[in-house]
Asks: 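Let me give you the structure first, and then I'll get to my questions.
Not measured: the values here are computed from a predicted model. By convention in this document, chain letters (A, B, ...) are assigned in the order of the sequence lines, proteins followed by strands, and residues within each chain are numbered from 1.
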There are 2 protein chains.
Amino acid sequence: MPKPEVDPTVQLELGVDRGSPVPLYFQLSQQLESAIERGVLTPGTLLGNEIELAARLGLSRPTVRQAIQSLVDKGLLVRRRGVGTQVVHSQVKRPLELSSLYDDLEAAGQRPATRVLVNTVVTASADVAAALAVAEDSEVHRLERLRLTHGEPMAYLCNYLPSGLLDLDTGQLEATGLYRLMRAAGITLHSARQTIGARAATAAEAERLGERTGAPLLTMQRVTFDDTGRAVEFGTHTYRPDRYSFEFQLLVRS
Amino acid sequence: MPKPEVDPTVQLELGVDRGSPVPLYFQLSQQLESAIERGVLTPGTLLGNEIELAARLGLSRPTVRQAIQSLVDKGLLVRRRGVGTQVVHSQVKRPLELSSLYDDLEAAGQRPATRVLVNTVVTASADVAAALAVAEDSEVHRLERLRLTHGEPMAYLCNYLPSGLLDLDTGQLEATGLYRLMRAAGITLHSARQTIGARAATAAEAERLGERTGAPLLTMQRVTFDDTGRAVEFGTHTYRPDRYSFEFQLLVRS
DNA sequence: GTAGTTCGGTTGTCCGGACATACGGATTGA
DNA sequence: TCAATCCGTATGTCCGGACAACCGAACTAC
């Protein structure tokens with residue numbers, strides 16, 4: 001005799017609050033996500049069909065679909081036509097967002113420290129002007145910082161920002177990350193173009209990071225855009241590869 | 001006197017074919033995307049409102065919304081409540097998909113070549129078994145390849161695959177990429193966990209890539225999962241940093 | 001002149017229904 | 001025994017409508 005095969009979402013205490021300003025589909029998707037993360041919905045579990053789920057929650061099918069779709073986009077669920085929707089096995093954690101080194105380190109419990117080396121306004125050189133899409137003689141902020149963990153240098157960050165975009169207080173820069181300051185200033189980050197490579201350290205770079213000349217360095221160049229398409233930041237970073245590497249999760253876009 | 005401010009989508013020859021099996025929202029999103037890429041819809045342009053657009057095309061608003069939403073997810077459009085939907089300025093090209101080195105090179109017109117160095121079955125070592133989530137003494141495919149462009153070595157690729165997943169023909173491997181073979185075998189790639197770093201080349205690595213011992217190398221480790229959550233590939237790659245770097249576009253997930 | 005308010009327009013959310021399509025298993029046939 | 005076919009079921013697509021929330025600009029009142 002086969003086991004009952006009950007709909008696993010029945011046991012879940014699912015329910016939406018129609019009085020809340022939080023959208024219904026979002027309430028549902030959060031509850032499902034939490035159930036997956038807590039292991040209540042185990043990998044491979046087949047969710048009950050959308051129609052029945054909608055009926056049980058007193059929602060319409062489009063609303064339930066919107067909730068499920070958002071989790072599919074996050075990589076937590078997989079839909080199969082004619083079969084159903086099931087929880088993905090793998091341990092998807094962070095599908096690679098536009099990350100701040102400072103936030104990453106803080107989340108890892110590394111207690112990052114920043115030493116601001118340079119914080120001035122200069123006229124844009126050719127490559128900086130091209131990256132930020134500003135005139136070649138216009139003024140830009142130039143920022144050089146050393147990022148340390150446990151008192152040891154880990155990365156050297158050189159950034160340029162269009163002038164007039166943001167007040168850059170050295171004290172604030174040493175207390176938090178650049179992205180957080182930009183967001184706090186009302187800039188909504190939208191996308192970034194990144195290049196990751198490697199090269200041998202020059203004498204000056206080696207000195208800054210406490211390495212030997214010629215030692216391998218991990219490099220990252222990035223231009224960040226806000227939602228109007230303006231370039232709001234151009235950065236050239238070098239990392240000590242024994243202390244830092246880029247780690248992320250990718251989803252296949254279908 | 002202000003200029004007419006016509007809806008820019010009016011000039012576009014938009015129209016859907018209801019006889020086609022291609023979904024209507026997809027037809028529309030492709031036409032819009034093509035218009036953006038061809039520069040017909042210039043950055044900053046405000047699309048006409050969804051209601052009117054739907055009426056003009058003989059579609060319902062949800063269908064039009066679905067088309068627009070897919071382009072928002074790609075980063076091509078930005079919606080603002082109470083304002084409208086506008087074309088994003090920046091040059092978003094590839095929002096970072098799970099890419100195949102072979103396909104990337106081919107797309108760049110580099111005519112990649114592959115030399116298969118090793119193609120055997122071995123028993124899984126501890127780290128390989130852990131990455132692929134198989135028993136430590138089980139059999140796995142071991143694959144070592146050298147990827148060349150213009151006859152020069154560019155990357156050394158070492159991959160492991162669970163046994164029985166796929167027939168690995170050396171001839172096919174030299175003619176195309178591993179991912180393409182996997183897809184052709186009915187494996188639907190879903191996600192991958194990647195780590196990018198750098199280190200100094202060992203004597204053996206330097207020899208393989210035509211570098212000097214101690215030269216900086218760009219490294220990438222990756223575990224790929226299919227849509228059932230099985231690990232289907234574990235790879236350790238090393239690249240010559242003067243010939244290759246990782247370049248991609250990130251979107252802020254909101 | 002300036003600050004607060006109103007108002008039109010746009011996207012955000014949600015509903016209930018309908019038909020199409022694909023997958024998997026059961027049934028049927030050779 | 002094995003293959004082809006049928007059918008139930010689930011998701012995929014699409015419709016037409018409704019109200020809410022929000023933004024910006026014009027307007028009004030001070």
Asks: Rounded to whole angstrom units, what separation is found between the CD atom of Gln69(B) and the P atom of dT13(D)?
Replies: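 Distance, rounded to whole Å: 14 Å.
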Asks: Would you say Arg79(A) and Gln86(A) are linked by a side-chain donor-acceptor pair, where the criterion is simply a distance under 3.5 Å?
Replies: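 No - no donor-acceptor pair under 3.5 Å links their side chains.
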Asks: Starting from P on dG24(C), measure out to CG on Leu46(A) and report it in whole angstrom.
Replies: 11 Å
Asks: Rounded to whole angstrom units, what separation is found between the CG atom of Asn49(B) and the P atom of dG12(C)?
Replies: 12 Å
Asks: Between Arg79(B) and dC23(D), is there a contact of a side-chain N or O with OP1 or OP2 at under 4.0 Å?
Replies: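 For Arg79(B), the contact criterion (side-chain N or O under 4.0 Å from OP1 or OP2 of dC23(D)) is not met.
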Asks: Around atom CZ of Phe246(A), are there more than 12 heavy atoms from other residues, nucleotides or ligands closer than 6.0 Å?
Replies: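 Result for CZ/Phe246(A): enclosed.
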Asks: Report yes if at least one side-chain N or O of Thr63(A) is closer than 4.0 Å to OP1 or OP2 of dC15(C); otherwise report no.
Replies: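 Looking at the OP1 and OP2 atoms of dC15(C), one of them is under 4.0 Å from a side-chain N or O of Thr63(A).
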Asks: Please give, in whole Å, the distance from dC15(C) P to Ile51(A) CD1?
Replies: 14 Å
Asks: Relative to the 5' end of DNA chain C, which residue comes earlier, Arg65(B) or Arg18(A), by the nucleotide with the nearest heavy atom?
Replies: Arg65(B)
Asks: Distance check needed: dT11(D) P versus Ile68(A) CD1, whole Å only.
Replies: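 That distance rounds to 7 Å.
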Asks: So which heavy atom on Asp17(A) is nearest to which on Gln27(A), and how close?
Replies: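 Heavy-atom minimum between the residues: N-OE1, 2.8 Å.
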Asks: Would you say Tyr25(A) places a side-chain N or O within less than 4.0 Å of OP1 or OP2 belonging to dC14(C)?
Replies: no
Asks: Base, sugar-phosphate, or nothing: which does Pro62(A) touch, judged by heavy atoms less than 4.0 Å apart?
Replies: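 If one applies the 4.0 Å heavy-atom cut-off, Pro62(A) turns out to touch a base.
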Asks: Given dT10(C), is OP1 or OP2 found less than 4.0 Å from the side-chain N or O atoms of Arg80(B)?
Replies: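 Indeed not, no polar side-chain atom of Arg80(B) lies that close.
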Asks: Closest approach of Val223(A) and Ala231(A), non-hydrogen atoms and distance?
Replies: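 Where Val223(A) meets Ala231(A) most closely, the heavy atoms are CG1-CB, 4.0 Å.
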Asks: Between dC14(D), dA21(D), dG12(D), which one does the side chain of Leu24(B) approach most closely?
Replies: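 Out of dC14(D), dA21(D), dG12(D), the nucleotide with an atom closest to Leu24(B)'s side chain is dC14(D).
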Asks: Would you please confirm or rule out a distance under 4.0 Å between OP1 or OP2 of dG17(C) and any side-chain N or O of Ser60(A)?
Replies: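 Checking dG17(C) against Ser60(A), no side-chain N or O comes under 4.0 Å of OP1 or OP2.
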Asks: Would you mind telling me which of dC23(C), dA22(C), dC22(D) lies closest to the side-chain atoms of Arg81(A)?
Replies: dA22(C)
Asks: From CG of Leu77(B) over to P of dT10(C), roughly how many Å is that when rounded to an integer?
Replies: 17 Å
Asks: Base, sugar-phosphate alone, or nothing: which one does Arg61(B) contact when heavy atoms must sit under 4.0 Å apart?
Replies: base
Asks: Could you state the atom-to-atom distance from CG of Leu59(A) to C1' of dT13(C) in whole Å?
Replies: 12 Å
Asks: Just one of Thr170(B), Asn159(B), Asn119(B) clears the side chain to side chain donor-acceptor pair (under 3.5 Å) bar with Arg145(B), so which one?
Replies: Asn159(B)
Asks: Using heavy atoms to find the nearest nucleotide of DNA chain D for Glu50(A) and Phe26(B) separately, return the residue whose nucleotide is more 5′.
Replies: Glu50(A)
Asks: Would you please test Ser29(B) and Leu71(B) for side-chain contact (heavy atoms from CB on, under 4.5 Å) and show each step?
Replies: CA-CA 7 Å; Ser29(B) 74; Leu71(B) 296 182; 4.3 Å; yes
Asks: Gln66(A) side chain: which of dT13(C), dT11(C), dC15(C) is closest?
Replies: dT13(C)
Asks: Checking contacts here: which listed nucleotide (dT13(D), dG12(C), dC14(C)) is nearest the side-chain heavy atoms of Pro23(A)?
Replies: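 Taking heavy atoms from C-beta onward, the closest nucleotide is dC14(C).
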Asks: Please give, in whole Å, the distance from dC14(D) C1' to Gln27(B) CD?
Replies: 13 Å
